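The next block holds one structure in the form of structure tokens; read it before the comments.
Side-chain atoms are counted along with the backbone in the values below, which use heavy atoms only and exclude waters and symmetry mates. Letters A, B, ... mirror the listed sequences (proteins, then strands); counts begin at 1. Since this is a predicted model, take the numbers as computed values, not measurements.
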Protein chains: 2
Amino acid sequence: MRLTRAGEYGIRCVQHLARHGKGTLVSRKEIAVRTDVPPHFLAKIAQQLARAGIIEIQQGANGGYRLLRDPSGITLLAVIEAIIGEISLNDCVGRPESCHNSPLCTVHLIWNKANQQLRATLQEADFATLAKEESCCLTPFPETAGHKEPIGKK
Amino acid sequence: MRLTRAGEYGIRCVQHLARHGKGTLVSRKEIAVRTDVPPHFLAKIAQQLARAGIIEIQQGANGGYRLLRDPSGITLLAVIEAIIGEISLNDCVGRPESCHNSPLCTVHLIWNKANQQLRATLQEADFATLAKEESCCLTPFPETAGHKEPIGKK
DNA sequence: ATATATAAGATATTTTTAGTCTTATATCGA
DNA sequence: TCGATATAAGACTAAAAATATCTTATATAT
Ligand code: SF4
Ligand code: SF4
């Protein structure tokens with residue numbers, strides 16, 4: 001019941017790009033360092049974002065990534081689902097046929113409602129708004145950003 | 001971003017008990033067969049429900065499980081969180097200290113909001129209401145319930 | 001006492017997540 | 001044109017979590 005790291009990383013990537021604005025080329029390395037994401041992992045995530053039409057990848061020397069759309073036209077939901085697929089809080093939400101009971105199931109209805117509500121909330125959040133204030137993943141002192149401490153251990 | 005099977009099974013178990021009403025003893029085997037849950041797995045889940053004060057386990061011959069509270073006083077949220085712990089859609093929701101950026105992060109605020117909304121929705125659903133109509137996991141013909149077909153394979 | 005049913009926790013299997021590595025390709029600039 | 005740099009694509013590995021089972025112990029009804 002939790003977003004994967006890949007999803008979280010995808011959001012960080014887009015948010016960093018959003019701060020530079022639509023069309024600005026930013027190197028993978030800069031994004032990786034500033035958002036604390038393993039560079040090779042970021043490459044994979046970027047490919048998914050590119051396939052979803054959110055970013056464009058420029059190869060070669062001085063390559064990098066750029067936003068294809070205006071930040072105001074990119075929602076949190078779009079980015080997340082580009083990475084992890086359509087959100088489905090319970091198996092039967094996305095695939096009702098996975099449970100023979102779903103046509104009669106009152107719990108199923110609750111899950112459908114909750115799922116739709118969650119997706120709506122994430123759809124309301126666009127990256128123009130999100131980037132307005134200083135936010136996600138701006139490491140205060142880039143030169144000292146060791147980014148090797150594990151992000152979260154209990 | 002999905003409920004675990006253990007969580008789903010826990011709901012089925014409580015719902016089955018709810019149909020029998022508070023205090024009625026139902027054997028683990030009956031619950032397992034009728035809700036299509038592996039018996040040993042159910043045992044584990046039941047222990048978690050017992051620790052959470054939702055059911056009581058009766059040992060020994062003719063033992064089984066019974067609801068401790070009235071179905072109307074048991075919410076979907078309570079059952080789910082008894083099994084999988086408190087819902088946290090992103091790591092930083094439950095443990096803000098896991099990301100040094102959380103105090104400034106606008107995305108973090110969205111997750112907090114979405115999380116609270118989801119929990120509220122699941123809290124509104126109580127098992128008296130859920131059990132009113134025929135619902136979750138009532139196999140139409142118990143005697144033919146082979147329950148060995150895998151519940152969901154793509 | 002014996003049969004029955006669950007307790008509790010160890011163990012095993014499978015799936016998913018997370019991350020890395022390798023080889024190929026594209027682009028820039030000397 | 002060539003070499004350095006940067007990403008592409010996908011194979012591969014490692015770690016973690018989910019799912020399920022097994023084993024031994026304990027409780028209870030008869
Ligand atoms: S029993 Fe209901 S809630 Fe559970 S998987 Fe089936 S349809 Fe979904
Ligand atoms: S960057 Fe923001 S949303 Fe992402 S983990 Fe940190 S606080 Fe949460």
Side-chain angles (χ1 to χ4, degrees), chain A residues 1-13 17 25-33 35-52 55-66 80 83-85 88 90-91 94 98 147-154, chain B residues 1-13 17 25-33 35-52 55-66 80 83-85 88 90-91 94 98 147-154:
Chain A
M1 207 83 163
R2 199 170 284 197
L3 184 69
T4 61
R5 292 236 182 174
E8 163 69 22
Y9 292 164
I11 295 167
R12 293 188 193 181
C13 174
L17 287 169
L25 187 72
V26 185
S27 74
R28 184 184 66 174
K29 186 174 179 184
E30 176 185 327
I31 300 170
V33 170
T35 63
D36 199 12
V37 174
H40 281 67
F41 202 2
L42 179 56
K44 207 166 214 172
I45 291 161
Q47 286 161 34
Q48 294 181 271
L49 292 173
R51 269 182 234 121
I55 69 170
E56 186 181 58
I57 297 171
Q58 177 160 333
Q59 284 196 46
N62 305 328
Y65 309 139
R66 59 163 57 91
I80 291 167
I83 308 292
I84 66 167
S88 172
N90 197 359
D91 204 40
S98 72
H147 85 292
K148 261 303 81 170
E149 80 284 0
I151 254 198
K153 283 285 150 193
K154 187 196 288 178
Chain B
M1 207 85 162
R2 198 170 284 199
L3 183 69
T4 62
R5 292 236 183 176
E8 164 69 21
Y9 291 165
I11 295 166
R12 293 188 193 181
C13 173
L17 287 169
L25 187 73
V26 185
S27 75
R28 183 183 67 173
K29 187 174 178 184
E30 175 185 327
I31 300 171
V33 170
T35 62
D36 200 11
V37 173
H40 280 66
F41 202 0
L42 179 56
K44 206 163 216 176
I45 291 162
Q47 285 160 35
Q48 294 181 270
L49 292 173
R51 267 180 235 123
I55 68 170
E56 186 181 58
I57 297 172
Q58 176 160 333
Q59 285 197 46
N62 305 327
Y65 309 139
R66 61 164 55 94
I80 291 167
I83 308 292
I84 66 168
S88 171
N90 198 358
D91 204 39
S98 72
H147 86 293
K148 261 304 80 169
E149 81 283 1
I151 252 198
K153 281 287 149 191
K154 188 195 288 176

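Phosphate proximity of dA18(C) to Y9(A): absent, as no side-chain N or O sits under 4.0 Å from OP1 or OP2. Taking 4.0 angstrom as the limit, Y65(A) places none of its side-chain polar atoms (N or O) nearer than this to OP1 or OP2 of dA6(D). In this structure, R28(B) reaches the dT6(C) phosphate: one of its side-chain N or O atoms is under 4.0 Å from OP1 or OP2.
Remark: P of dA18(C) and CG of D36(A) are 14 Å apart, rounded to the nearest angstrom. In this structure, Q59(B) atom CD and dT4(C) atom C1' are separated by 12 Å, rounded to whole Å. Atoms CG (L42(B)) and P (dT6(C)) sit 9 Å apart, rounded to a whole Å. Between Q47(B) atom CD and dA27(D) atom C1' the separation is 14 Å, expressed in whole Å. Atoms CD (E8(A)) and P (dG19(C)) sit 12 Å apart, rounded to a whole Å. For the pair I83(B) CD1 and dA20(D) C1', the computed distance is 15 Å after rounding to whole Å. One can place CZ of R5(A) at 15 Å from P of dA15(D), the figure rounded to the nearest angstrom. As a whole-Å value, the separation of I84(A) CD1 from dT15(C) C1' is 17 Å.
Closest heavy-atom contact between G10(B) and I45(B): CA-CG2, 3.7 Å. Of all the heavy atoms in S88(A) and N90(A), the pair that sits closest is OG-O, 2.8 Å. Of all non-hydrogen atoms in D91(A) and S98(A), the two that sit nearest each other are OD2-OG, 3.3 Å. Shown here for Y65(B) and A43(B), the closest heavy-atom pair between the two residues is OH-CA, 3.6 Å.
DNA chain D is contacted by both G63(A) and M1(A); G63(A) maps to the nucleotide lying nearer its 5′ end (nearest heavy atom per residue).
Relative to the side chain of T4(B), the nucleotides dA4(D), dT19(D), dT21(D) differ in distance, and dT19(D) lies closest. Considering only the side chain of A61(B), dA29(D) comes nearest among dG29(C), dA29(D), dG19(C). When distances run from any side-chain atom of H40(B) to the nucleotides dA8(D), dA20(D), dC22(D), the shortest one goes to dC22(D). The side chain of F41(B) sits closest to dT19(D) out of dT19(D), dA18(C), dC28(C).
Backbone-only contact: A6(B) has heavy atoms under 4.0 Å from sugar-phosphate atoms and none from a base. Nucleic acid contact for Q58(B): sugar-phosphate only, since backbone atoms but no base atoms lie under 4.0 Å from a heavy atom of the residue.
With contacts defined as side-chain heavy-atom distances shorter than 4.5 Å, the pair I31(B)/V37(B) does not qualify.
Looking at K44(A), its side chain comes within 3.5 Å of the base of dG19(C) through a donor and an acceptor atom.
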